[in-house]
Amino acid sequence: MAETLLTVENLTKKFEGNTILDGLNLTIQRGEVVVIVGPSGCGKSTFLRCINALEPIQEGTISLQGTPIVYGSKNLAEVRQKIGMVFQSYELFPHLTVLDNIMLAPMKVQKRNKDEVKEEALQLLDRIGLKDKADSFPRQLSGGQKQRVAIVRALCMHPEILLFDEVTAALDPEMVREVLDVMLDLAKQGRTMIIVTHEMQFAKAVADRVIFFDQGHIVEEAAPDEFFEHPKTERAKQFLNVFSFEKVEHNK
Amino acid sequence: MNWDFIAEYLPMYERAAILTVKLGVIGIVFAILVGLICAMIQYHKIPVARQIVAVYIELSRNTPLLVQLFFIYYGLPKLGANLSPEVCGIIGLAFLGGSYMAESFRSGLETIAPIQRESALSLGMTNRQAMQYIILPQAVSMSVPAFVANVIFLLKETSVFSAISLMDLMFTAKDLIGLYYKTIESLFLLVVFYLIILLPVSILGSLLERRMRHAGFGS
Ligand SMILES: Nc1ncnc2c1ncn2[C@@H]1O[C@H](COP(=O)(O)OP(=O)(O)OP(=O)(O)O)[C@@H](O)[C@H]1O
Ligand SMILES: [Mg+2]
């Protein structure tokens with residue numbers, strides 16, 4: 001009796017005549033963790049941006065709990081509050097302290113009480129071990145710390161669903177883990193998430209369902225064990241092969 | 001150097017300096033307003049208004065303030081608008097300064113990556129909120145150096161006000177030289193008073209710039 005949270009129907013997205021997403025269909029249940037993998041340039045980021053209506057789409061519908069998400073529509077700000085987004089490049093606000101980064105939207109957008117928001121923000125920061133950085137500015141943080149703050153900033157809005165776009169891709173290797181751990185923790189809490197990543201081990205560990213994108217289509221969709229151990233399509237096999245080579249290279 | 005002469009005419013220079021500063025400050029405030037509006041129109045690419053702003057900026061930047069003042073002082077009355085020299089000076093400065101301010105704000109806005117705005121939107125902010133809380137504060141501090149340079153430039157430009165018979169510093173100096181031939185003393189006072197006005201602005205400006213650089217945003 002799962003509740004359907006996000007529905008994507010026949011989503012088609014073009015850039016200057018090039019079809020990037022070609023009639024995608026996808027539904028996501030509450031509490032589900034869906035990992036999207038696929039070769040570079042296959043449209044993973046574009047897909048997430050469409051869900052948040054940061055991009056106009058040419059065909060299809062996207063809706064969250066029955067509310068349509070339409071690029072440029074009036075209720076967009078309202079729907080977006082329910083969709084937390086974390087970017088590869090963190091996108092913290094450099095002129096605000098860590099605490100203000102987190103508190104700004106809950107206070108100005110949701111008009112919540114300052115003390116209540118502050119308490120929650122500090123609690124969340126404490127949870128990721130960054131409470132002592134509350135008054136620091138983003139430039140004083142490491143990449144991993146910035147990304148964890150960005151996650152907390154999204155969480156503090158109480159979103160229904162979280163979108164992660166390669167959030168560890170810009171990090172130094174030694175910082176990847178601390179960010180992935182936060183995301184694993186969120187998965188354990190039963191958060192609904194869509195995660196785009198190139199970290200295959202992490203994908204295997206965190207996903208309820210893996211979706212393989214290629215050339216604007218969902219080529220394969222399966223439970224993680226099945227996808228990683230027994231990919232059905234040739235394209236998925238090739239894609240995964242690249243990664244196993246990378247791993248071999250690494251181990252040398 | 002005749003110090004008695006200097007002591008005698010010091011109050012006259014003071015009055016002139018006060019007038020210069022008063023018109024300068026008011027003119028610059030209006031220039032900032034004009035600049036902000038123009039920068040917003042350009043940033044949001046508002047049709048028609050955007051073309052008008054582009055024409056205004058070229059016109060304002062490529063004609064001397066003196067010419068602009070003559071148009072306002074001698075030209076506008078012909079169209080039925082009788083303005084005092086003070087008001088003409090302010091309008092002239094705002095007309096000239098507006099385009100310079102617009103350019104500094106626009107380049108400040110352009111340094112803010114679009115994804116910062118998207119980050120704000122994804123938190124549920126409206127376009128207005130994203131502008132107010134995220135883009136403008138960053139853009140303004142990015143435009144501080146150009147802004148300070150503009151303020152100094154505009155204060156210096158006030159020296160052509162004498163051409164529309166405003167009794168500013170330049171006017172006073174020319175007047176005294178004409179009347180008493182005390183060229184050295186008159187020019188000495190002129191330089192001293194311009195320094196008194198501009199040096200603090202300059203120093204304050206570089207302090208501000210240093211603070212901004214120290215706050216050095218960077219990601
Ligand atoms: N603003 C844009 N204008 C034109 N083409 C674009 C734009 N943004 C993306 N594209 C194109 O759309 C395609 C998909 O891009 P997207 O960034 O979604 O890929 P991706 O799967 O996220 O890749 P990566 O793994 O490298 O992040 C690419 O071919 C890209 O060149
Ligand atoms: Mg991408």
Spatial distance of atom OH (B:Tyr194) from atom NZ (B:Lys156) [nearest 0.5 Å]
11.0 Å
Max heavy-atom pair count under 4.5 Å with chain B, selected residue of A:Asn52, A:Leu96, A:Leu104:
A:Leu104
What parts of residues 72-80 of chain A touch chain B if we use heavy atoms and a cut-off under 4.5 Å?
A:Ala77, A:Arg80
Tell me, for A:Phe93 versus chain B, whether the close heavy atoms (under 4.5 Å) come from the side chain, the backbone, both or neither.
both
Would you mind telling me which of A:Lys108, A:Gln81, A:Met85, A:Lys82 has the largest number of heavy-atom pairs within less than 4.5 Å of chain B?
A:Lys108
When you measure from the side chain of B:Gln51 to the backbone of B:Val48, do you find a donor-acceptor pair of N or O atoms at a distance under 3.5 Å?
yes
Sort A:Arg49 into side chain, backbone, both or neither according to what part of it lies under 4.5 angstrom from a heavy atom of chain B.
side chain
Could you list which of residues 158-167 of chain A have a heavy atom closer than 4.5 Å to any heavy atom of chain B, in residue-number order?
none
Side chains of A:Gln65 and A:Thr67: donor-acceptor distance under 3.5 Å anywhere?
no
Angle class for the B:Tyr13/B:Phe193 ring planes (parallel below 30°, perpendicular above 60°, tilted otherwise)?
parallel
If the contact rule is any heavy atom under 4.5 Å from chain B, which residues of residues 112-134 of chain A qualify, in numerical order?
none
Check the angle between the aromatic planes of B:Tyr74 and B:Phe70 and answer parallel, tilted or perpendicular using the 30° and 60° thresholds.
perpendicular
Ordered numerically, the heavy-atom neighbours of chain A under 4.5 Å found in residues 105-128 of chain B are B:Ile115, B:Gln116, B:Glu118, B:Ser119, B:Ala120, B:Leu121, B:Ser122, B:Leu123, B:Gly124, B:Met125, B:Thr126
Cut-off 4.5 Å, heavy atoms of chain B, and the answer for A:Ile83 is backbone
